[in-house]
Visitor: 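Have a look at this one.
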Amino acid sequence: MNRSRLFAHPVVLALLLTVSNAAKPVVIDDTAYLTFARHLSGHPLDPYGFELFWYDQPQPAMQIILPPVVPYWLSFGISLVGEQLFLLKLCLYPFAVILAYAVRFLVRRFVTPHDPLPAVMLTLGPGVLPFFNFMLDIPAMALQLSAVALVVRGTDGRRSWAALMLAGVCLGLALQTKYSVLGLPAVLFAVGVLRGRWATGLGVVALGLSLFAVWELFLVAIYGQSHFLSHLARKSGDTGGKFALVLPLLAHLGLTVGWIGLLGLSRHVSSRMLRRVAVGIALMALVVVFVPGRWTVLNRITPLALYPLTFADVFFRVIGGLALGSGIGFAFLGCVRRRSWETK
């Protein structure tokens, strides 16, 4: 194995990702998650039975949107290494390994089977490295991608029931890692449908949702309420505020993962066209760097524009919108092509 291949191995990439994270201080909501982990290390069967001083007053832990997977894992780390933050962050290495292996499988399966660079760029790129701390994002992403990869692996040729069952477990764990993963069951079912195994996809989803429900029923048994349903009820009346986050969501997509669309384009356009698109995006990004932030292009014209929009806002929202639209388009093309092959 040459040096480039060794560097691109998932075990090595995960180590680089974990050590880079371990060098960072505690940030954002890390303190709340560490407080949960400290409580769980002493009261593992009473996950929400305490108060947490958050925002400006003590709050019941049940009111904090924090599913159990990451806090329990951190509590396990505390039992091993105590509250030594550097060592505790090293305990997150398994999530990095899961992420790196899932990314490598999906890149080899859908982008290029030989070039390791895309997997390196995705694993250590701007959509991962800045967000890897004690928070929920990267563990949730790792479990999501693993579920997708395992469903693809389990439906390749002869069914691999072990891979499919593990995909259901990953789905259940992902749902109990971060509630924004709730779109994943639809993705896994769609993968099954596109690969002609809709019943298999449905079975994976049923297994994952069952595991998710078991934990919520446990909480109902000890607290009289479900953590997920209690937060769903609290947030359901704020649909207008959620709608206003659509454009900022596109900006986040454009800023962190918009360039990943180039990997999808590489399967559908010529290399010359791909280079032109890449150079165009790079030049526009340079323009964003030098355009003064005070130059606004849109003020409060629509309900989606919460704040004055700068050129950078528009640029990244356009890139994010194109990335999202391209992903949907590629999925549609894959479905159409599969149907055409089946009818020949």
Visitor: Can you measure from OH (Y33) to CD1 (I64) and round to the nearest 0.5 angstrom?
Guide: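 One gets 9.0 Å once the value is rounded to the nearest 0.5 Å.
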Visitor: Assess whether atom CD of Q84 is packed by more than 12 heavy atoms of other residues, nucleotides or ligands within 6.0 Å.
Guide: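 Incorrect, the count does not exceed 12.
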Visitor: Looking at every non-hydrogen atom in both residues, tell me the closest pair between A174 and L184 and how far apart they are.
Guide: CB-CD2, 4.2 Å
Visitor: Is there a side-chain contact between T123 and V128 in this structure, where contact means two heavy atoms from C-beta onward sitting under 4.5 Å apart?
Guide: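 T123 vs V128: side chains apart.
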Visitor: Mind checking the OH-OG spacing from Y48 to S230? Nearest 0.5 Å is all I need.
Guide: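 Reported value, rounded in 0.5 Å steps: 9.0 Å.
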Visitor: Any non-hydrogen side-chain atom of F36 less than 4.5 Å from a side-chain atom of L74?
Guide: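 Not touching, per the 4.5 Å side-chain cut-off.
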Visitor: To check you understand the geometry: which heavy-atom pair defines the closest contact between K178 and L136, and what is its length?
Guide: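 So the minimum-distance heavy-atom pair works out to CD-CB, 4.1 Å.
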Visitor: Would you call L99 and M141 a side-chain contact if the rule is heavy atoms closer than 4.5 Å?
Guide: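 Yes, side chains in contact.
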Visitor: Any non-hydrogen side-chain atom of L219 less than 4.5 Å from a side-chain atom of P47?
Guide: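 They are in side-chain contact.
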Visitor: Could you walk me through whether Q59 and L52 pass the side-chain contact (heavy atoms from CB on, under 4.5 Å) test, one step at a time?
Guide: CA-CA 5 Å; Q59 288 183 260; L52 174 69; 5.6 Å; no
Visitor: State yes or no: do L45 and M62 share one hydrophobic cluster built from I, L, V, M, F, W and Y residues joined by side-chain heavy-atom distances below 4.5 Å, directly or via other members?
Guide: no
Visitor: Compare all side-chain heavy atoms of L90 with those of L87 and state whether any distance is below 4.5 angstrom.
Guide: yes
Visitor: Can you check whether L175 reaches L209 side chain to side chain, under 4.5 Å on heavy atoms?
Guide: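 Yes, close enough: below the 4.5 Å cut-off.
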Visitor: Minimum heavy-atom separation for L17 and A96, please, with both atom names.
Guide: CD2-CB, 4.0 Å
Visitor: Would you find more than 12 non-hydrogen atoms of other residues, nucleotides or ligands less than 6.0 Å from M135 atom CE?
Guide: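 More than 12 within 6.0 Å, yes.
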Visitor: Of the non-hydrogen atoms in P130 and G125, which two are nearest, and what is the gap between them?
Guide: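 Minimum heavy-atom separation between P130 and G125: CD-O, 3.7 Å.
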Visitor: Going by heavy atoms in the side chains, are L229 and E216 under 4.5 Å from each other?
Guide: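 Heavy-atom side-chain distance check fails, nothing below 4.5 Å.
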Visitor: If Ile, Leu, Val, Met, Phe, Trp and Tyr residues are connected whenever their side-chain heavy atoms lie under 4.5 Å apart, and connections chain through other members, are L80 and L34 in the same group?
Guide: yes
Visitor: Report the C-alpha separation of K89 and K24 in whole Å, then their side-chain angles, then the decisive distance to 0.1 Å, and conclude whether the side-chain contact (heavy atoms from CB on, under 4.5 Å) test is met.
Guide: CA-CA 9 Å; K89 284 196 173 186; K24 296 188 296 185; 3.8 Å; yes
Visitor: Spell out, yes or no, whether I98 and Y72 are grouped together once hydrophobic residues are joined by side-chain heavy atoms under 4.5 Å, including indirect joins.
Guide: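 The answer is no; the residues belong to distinct hydrophobic clusters.
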Visitor: Locate the shortest heavy-atom distance separating T31 from V26; write the atom from each residue and the value.
Guide: CG2-CG1, 3.8 Å
Visitor: From C170 SG over to L166 CG, what is the distance, rounded to the nearest 0.5 angstrom?
Guide: 4.5 Å
Visitor: Are H231 and Y179 near enough that their ring centres are under 6.0 Å apart?
Guide: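 No - the distance between ring centres of H231 and Y179 does not fall below the 6.0 Å cut-off.
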Visitor: Transitively linked via ILVMFWY side-chain contacts under 4.5 Å: V27 with F132?
Guide: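 The answer is yes; both residues are in one hydrophobic cluster.
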Visitor: Can you name the closest pair of heavy atoms from P71 and P67 and give their distance?
Guide: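 Minimum heavy-atom contact is CD-O, 3.2 Å.
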Visitor: Could you grab the distance from atom CG of L207 to atom CE of M165, nearest 0.5 Å is fine?
Guide: 6.5 Å
Visitor: Roughly how far, to the nearest 0.5 Å, is the CD atom of Q176 from the CZ atom of F212?
Guide: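 It comes to 4.5 Å.
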Visitor: Ring-plane angle category for F76 and W73, please: parallel below 30°, perpendicular beyond 60°, tilted otherwise.
Guide: tilted
Visitor: Using a cut-off of 6.0 Å, state whether more than 12 heavy atoms not belonging to Y93 lie near its atom OH.
Guide: yes
Visitor: Would you say that T35 contacts F53 through its side chain, given a criterion of any heavy-atom pair below 4.5 Å between the two side chains?
Guide: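 They are not in contact (no side-chain heavy atoms under 4.5 Å apart), so the answer is no.
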Visitor: Go through it in stages, so that I can follow the logic: the residues are F95 and T18, the test is side-chain contact (heavy atoms from CB on, under 4.5 Å), and I'd like the CA-CA distance, side-chain angles, deciding distance and then a yes or no.
Guide: CA-CA 9 Å; F95 290 112; T18 304; over 6 Å; no
Visitor: Under a single-linkage definition using a 4.5 Å side-chain heavy-atom cutoff for Ile, Leu, Val, Met, Phe, Trp and Tyr, are V214 and V220 assigned to the same hydrophobic cluster?
Guide: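 In one cluster: no.
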Visitor: Output, in order, the C-alpha distance, side-chain angles, deciding distance and verdict of side-chain contact (heavy atoms from CB on, under 4.5 Å) for L211 and L171.
Guide: CA-CA 9 Å; L211 294 176; L171 170 59; over 6 Å; no
Visitor: In Å and rounded to the nearest 0.5 Å, what is the CG to OH distance from L150 to Y101?
Guide: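 The distance works out to 13.5 Å.
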